[in-house]
2 protein chains.
Amino acid sequence: MATPEPARPGFQLPLLLLAGFRTLIDDLHAELAREGHPELRPLHGFVLQAVGADGTTATELGQRLGISKQAAGKTVDRLVAVGYLERVDDPSDARRRLVRVTPRGADGLRRSAEIFDRLRAQWTDTLGPERVTALEDDLRTMASANWFRLDVPGWFGG
Amino acid sequence: MATPEPARPGFQLPLLLLAGFRTLIDDLHAELAREGHPELRPLHGFVLQAVGADGTTATELGQRLGISKQAAGKTVDRLVAVGYLERVDDPSDARRRLVRVTPRGADGLRRSAEIFDRLRAQWTDTLGPERVTALEDDLRTMASANWFRLDVPGWFGG
DNA sequence: CGGAATAGTAAACGTGGTTGACGAACGTGG
DNA sequence: CCACGTTCGTCAACCACGTTTACTATTCCG
């Protein structure tokens, strides 16, 4: 047992996927902080994206993100506190409280999209466009994506 | 503003990387639970891997994982509670408490490696071996991996 | 109109992190 | 040889993000 375990090939794939994701997210938020959005946390971009331009409710947001309505509500609370979301009463249903993106939230969302585009351009500059699209195609094939709805209205701007 | 935003290409890359990672991790833990390790949580495999065969201390574990020694200590507590790690006194330094993988922990680690190998084989069956190695190579190129030390002794069994 | 379904909130809890403080043990220089 | 500085572990308080259970208020519908 003094000899180290041999390297297992399967271990590297998840680590590399995670490292790639973390690299993109870390770069994104470093740049977002530089552009005036230091409070934006990694999850917030997904949430803002899931709220969408038309607004939504906490319950529907939870369904879109694959989390409970309570968790969605608490996340909305935090984003309201930092000024990226707002809650308004729904005049047509007194039970509902519409969640909407504020102008500041829309600015953060727009900048996030631009930064992600630039980061992807860095990947295509280094690897070549074909390699990046091949990588995306392969991940689309293998990632069952049953843990959240990629095709939900609001994701990727529809 | 009634028209939806056009789809931004940069948004998809991080989502796909995350989806790929989550798919692997979810499949791993579903299989681990089937094989007698339902308590093993996604992070635990990384921690067991980082402890390594020779054991380590909470402080060094924190450095390997890029987290504080307090966080590493609490994670070790949880893994001790479920029987995957043990703490023993260091006879050569009364301040230190060595953290070691128990036989049960070693079993979970071995099964994780085998399951990851099988999952990677599924990827090569679907995409072809060249595509998977190309994907890994490209991620190695782009993932700066400055958020944790991939080359630390203990990671990937050396 | 009354019961079922739905939206939101509240409370308690678990997990995984942080920072600050502190005692005990180590090691080294005067 | 001993006092001081460093290191290891832990405690406490806190935050982010998620869960389940329980509850109220409102709306929908037979």
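Each chain gets a letter, A, B and so on, in the order the sequences are listed, and its residues count up from 1.
The nearest whole Å value for the distance from the CG atom in B/L79 to the P atom in C/dG17 is 11 Å. Distance A/D77 CG to D/dC17 P: 12 Å, rounded to the nearest Å. Across the protein-nucleic acid pair, A/D90 atom CG and C/dA7 atom C1' stand 10 Å apart, rounded to whole Å. In this structure, the CD atom of A/E60 is 17 Å from the C1' atom of C/dA5, given to the nearest Å. Regarding B/K69, its NZ atom lies at a distance of 11 Å from the C1' atom of D/dT6, rounded to whole Å. Across the protein-nucleic acid pair, B/R97 atom CZ and D/dC11 atom P stand 11 Å apart, rounded to whole Å. One atom, CG of A/L61, and another, P of C/dA7, lie 13 Å apart when rounded to the nearest Å.
Residue contacts shown for A/T57 are limited to sugar-phosphate atoms, with no base heavy atom under 4.0 Å away. Using a 4.0 Å heavy-atom distance criterion, A/T59 is classed as a sugar-phosphate-only contact. Backbone-only engagement by A/A58 is indicated by non-hydrogen atom pairs under 4.0 Å involving sugar-phosphate atoms exclusively. Across all strands, B/R41 comes closer than 4.0 Å only to sugar-phosphate atoms, never to a base (heavy-atom distances).
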B/S/- contact track for nucleotides 25-30 of chain D, protein heavy atom under 4.0 Å: BBS---

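Between A/T75 and D/dA16, a side-chain N or O to OP1/OP2 separation shorter than 4.0 Å is absent. Neither OP1 nor OP2 of D/dC15 sits under 4.0 Å from any side-chain N or O of A/R78. Here A/S68 reaches the OP1 or OP2 of D/dT19: one of its side-chain N or O atoms lies under 4.0 Å away. Dashed line: the shortest gap from a side-chain N or O of B/H44 to OP1 or OP2 of C/dG16 is under 4.0 Å.
Taking only side-chain atoms of A/A71, from C-beta outward, the nucleotide of C/dG17, C/dG8, D/dT19 with the closest atom is D/dT19. Among D/dC8, C/dG16, C/dG8, the nucleotide with an atom closest to any side-chain atom of B/R96 is D/dC8.
A salt bridge between B/D89 and B/R97 is present, with a side-chain N of the basic residue lying under 4.0 Å from a carboxylate O of the acidic one.
Of the residues listed (B/D117, B/L135, B/L119), the one engaging A/L13 in a side chain to side chain contact (heavy atoms under 4.5 Å, CB included) is B/L135, and it is the only one.
If you check the side chains of A/Q12 and B/R140, you find a donor sitting under 3.5 Å from an acceptor.
In terms of the side-chain contact (heavy atoms from CB on, under 4.5 Å) criterion, residue partners of A/Q70 (sequence neighbours excluded) are, by chain and number, A/S68. With sequence neighbours left out, A/R34 forms a side-chain contact (heavy atoms from CB on, under 4.5 Å) with A/A30, A/E31. For B/T57, the side-chain contact (heavy atoms from CB on, under 4.5 Å) partners at least two apart in sequence or on another chain are B/T59, B/E60, B/R96, B/L98. Residues meeting the ring-ring contact (aromatic ring centres under 6.0 Å, His included) test with A/F21, sequence neighbours left out: none.
Applying the ring-ring contact (aromatic ring centres under 6.0 Å, His included) test to every pair with at least one member in residues 48-72 of chain A, sequence neighbours left out, gives no pairs at all.
Across every strand in view, C/dG8 sits in a pair with D/dC23 that passes the Watson-Crick or G-U test at under 3.5 angstrom.
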Anything under 3.5 Å between a donor and an acceptor, one on a side chain of residues 72-82 of chain B, the other on a protein residue two or more places apart or in another chain? List them.
unit_1, atom_1, unit_2, atom_2, d
B/T75, OG1, B/A71, O, 3.1
B/D77, OD1, B/R87, NH2, 2.1

Which pairs of donor and acceptor atoms, one on a side chain in residues 35-46 of chain B, lie under 3.5 Å apart (sequence neighbours left out)?
unit_1, atom_1, unit_2, atom_2, d
B/E35, OE1, B/R111, NH1, 3.0
B/E35, OE2, B/R118, NH2, 3.1
B/H37, ND1, B/Y84, OH, 2.7
B/H37, NE2, B/D107, OD2, 2.7
B/E39, OE1, B/Y84, OH, 3.1
B/E39, OE1, B/R104, NH2, 3.2
B/E39, OE2, B/R104, NH2, 3.4
B/H44, ND1, B/R41, N, 3.0

Hey, what are the protein-to-nucleotides 10-12 of chain C N/O distances that come in under 3.5 Å?
unit_1, atom_1, unit_2, atom_2, d
C/dA10, N6, A/Q70, NE2, 3.3

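Heavy-atom distances to DNA chain D give each of B/R87 and A/A72 a nearest nucleotide, and the one nearer the 5′ end belongs to B/R87.
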